[in-house]
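Since the structure is predicted, the reported quantities are computational estimates derived from the model, not experimental observations. Letters A, B, ... are given to chains in the order of the sequence lines, protein chains preceding strands, and every chain is numbered from 1.
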Amino acid sequence: MLETHDLSAGYEGVPALRSVDFRVGPQERVAILGPNGAGKSTLLKTISGTVTPEVGSIRFDGQDLLALSPHQRVEAGIVHVPQGRMIFASMTVADNLRLGGHRSAARQRHDERRDLVLEIFPALADMLSRDGGALSGGQQQMLAVARGVMACPRLLMLDEPSMGLAPRAADEIFEGVAALLQSETTAMIVVEQRAYEALEVCDRAYVLESGEVALEATNEELLGDERLAAAYLGTEL
Amino acid sequence: MIEFLQFLVPGILIGGVYALLASGLGLIFGVMRVVNFAQADFMMLAMYLSWALFAGGIGLDPFLAMPGVFVVFLLLGMAVHWLFIRFVIGRRENHDAQVILTIGLGLIFQNLILIRYSSEPRVVAPSYANDGDFIGDIFISRARLYAFLLSMLVAALLFLFLNRTATGRAIRAASENWEAATYMGIDIDRTNRIAFGVGVALTAVGGSALVTFQSITPFVGLRFVVVMFAAVVLGGLGSVGGAFVGGVLIGIIQSVSQVWTSAAVKNVWVFGLFLLILYVRPNGLFGKVQRAI
């Protein structure tokens with residue numbers, strides 16, 4: 001479905017991605033793991049179009065993605081839930097959701113999608129008329145994911161959905177994502193520091209280190225091999 | 001007390017028009033962080049258009065001409081964005097280019113009009129220009145009342161546009177966080193183009209609301225540019241509602257200060273209060289932008 005080839009990108013000469021080959025199959029759920037500064041967010045941004053790669057190609061359903069502007073990539077079905085949530089703080093939760101459904105394929109389905117996201121994150125149902133900025137960190141993250149789901153994504157990209165959250169709030173996010181994946185066939189990329197939680201909702205993982213793919217493995221391979229798990233997943237849990 | 005009200009009421013009426021002039025500037029700054037120094041010259045062009053339609057044979061009343069003025073300047077603003085402004089959007093190092101570009105456009109507008117129409121002041125005087133009604137002891141000029149009511153109507157339409165339409169919501173989203181708006185699938189270039197067109201058209205309509213009591217010269221913009229910028233900063237950079245309140249406030253201060261001092265120093269009062277408010281609230285009354293330039 002999505003395939004990058006020899007992808008390199010950088011910020012003002014400092015390389016952030018080096019020759020990355022990355023692939024997501026139809027309906028596949030892929031985790032991207034790795035330490036801070038490994039290039040995980042940069043990879044997502046080159047896919048959504050807010051970072052332009054220096055070399056390499058990205059194909060989405062056989063189409064050259066780099067020829068499309070960022071909003072056209074959303075129209076094609078690639079929806080990025082950015083790191084740091086980026087809620088529209090001065091707008092209501094309902095308006096945030098409506099903006100999430102800005103994609104033309106999603107506009108007609110607004111009510112149906114809103115019912116779906118409120119089922120996944122019931123906490124948002126009582127807050128529709130509140131300003132986004134008035135929500136707690138956990139609620140804002142729910143809203144950020146919900147906003148992405150509103151767009152009827154074909155490929156949903158979550159960048160560190162648990163960042164800065166208390167463990168219980170992070171659990172709620174992952175539970176919501178797991179519930180979503182039961183009813184949806186969307187493909188997904190999750191960038192996470194909490195490797196074990198991410199792997200619970202994914203089929204396969206890439207480990208990035210210093211902008212390079214250090215490892216590509218299925219869940220079973222990663223979790224079944226103590227040496228790999230210790231080397232790449234840390235000692236969490 | 002009556003004397004105070006006699007100055008307060010006209011202050012509110014003219015303040016409503018200032019509010020409209022300023023909300024156009026505020027919308028453009030809020031959405032694309034471009035300070036449009038040509039804004040008052042778009043206003044000047046709109047005043048000449050109203051004058052030409054009135055004096056140029058067909059005798060069209062400036063208030064009736066306003067929907068047409070809005071559409072013309074919406075398209076003109078979008079064209080200017082497409083031709084020039086979009087190339088200097090964004091990055092910090094573009095700010096110099098934005099300033100030079102918009103000041104340059106303003107100078108070109110002024111001098112094109114000067115060449116075509118000379119510097120002779122032009123007046124639009126419909127039959128009701130000097131009419132008015134007394135409510136109690138307070139005289140209300142009909143032309144200024146129309147200008148005020150029309151400004152309020154346009155402001156209400158702007159509010160509905162920004163809050164109730166998909167394009168309006170997209171503009172507000174882009175204004176708050178362009179990167180997040182991009183992830184929603186919003187075409188930033190398009191929202192910028194529309195916001196620039198609407199912003200220019202709002203100020204243009206405000207300008208043509210002024211023509212029945214303000215004579216028109218190629219440099220009439222200079223008289224209003226200060227008011228517009230003060231209103232936007234006073235209300236808070238990035239807030240269209242703030243610019244609106246700032247405009248009304250400045251109209252009131254200019255007028256009410258004449259209870260105590262000569263009209264010649266009315267802007268001293270404006271800037272006195274301006275400094276005071278910025279001293280207490282450095283981001284303005286409803287400010288969102290911490291540091292924009």
* Structure fact -> Assert top hit (heavy-atom pairs under 4.5 Å, partner chain B, pool Pro70(A), Ala106(A), Gly100(A), Pro82(A)) equals Pro82(A)
* Between Ile87(A) and chain B, which part of the residue has a heavy atom less than 4.5 Å away: side chain, backbone, both or neither? -> backbone
* Structure fact -> Answer key: most heavy-atom pairs under 4.5 Å with chain B among Met150(A), Arg98(A), Arg103(A), Glu75(A) is Arg98(A)
* To do: Please lay out, stage by stage, how Arg154(A) and Met1(A) fare under the test side chain to side chain contact (heavy atoms under 4.5 Å, CB included).
  => CA-CA 10 Å; Arg154(A) 298 184 56 227; Met1(A) 180 178 218; 3.8 Å; yes
* Asked: Can Arg33(B) be said to sit on top of Phe29(B)'s aromatic six-ring, NZ or CZ under 6.0 Å from centre and within 45° of the ring axis?
  -> yes
* To do: Please indicate whether Tyr11(A) has more than 12 foreign heavy atoms, meaning atoms of other residues, nucleotides or ligands, lying under 6.0 Å from its OH.
  => yes
* Structure fact -> Bottom line for Arg147(A): the part with an atom under 4.5 Å from chain B's heavy atoms is side chain
* **Proximity breakdown for Ala144(A) and chain B, heavy-atom pairs closer than 4.5 Å** => neither
* Just give me the residue among Met157(A), Arg85(A), Met91(A) that pairs up with chain B most often, heavy atom to heavy atom, under 4.5 Å. => Met91(A)
* Asked: Any side-chain heavy atom of Leu101(B) within less than 4.5 Å of one from Phe87(B)?
  -> no
* Donor-acceptor under 3.5 Å (Gln98(B) side chain, Val88(B) main chain) -> yes
* **Per-residue contact mode, Arg73(A) against chain B (heavy atom under 4.5 angstrom)** => neither
* Between chain A and each of Asn163(B), Ile186(B), Thr182(B), Ile188(B), count heavy-atom pairs under 4.5 Å; write down the option with the most. => Ile186(B)
* Are any of the side-chain heavy atoms of Asp21(A) and Val213(A) separated by less than 4.5 Å? -> no
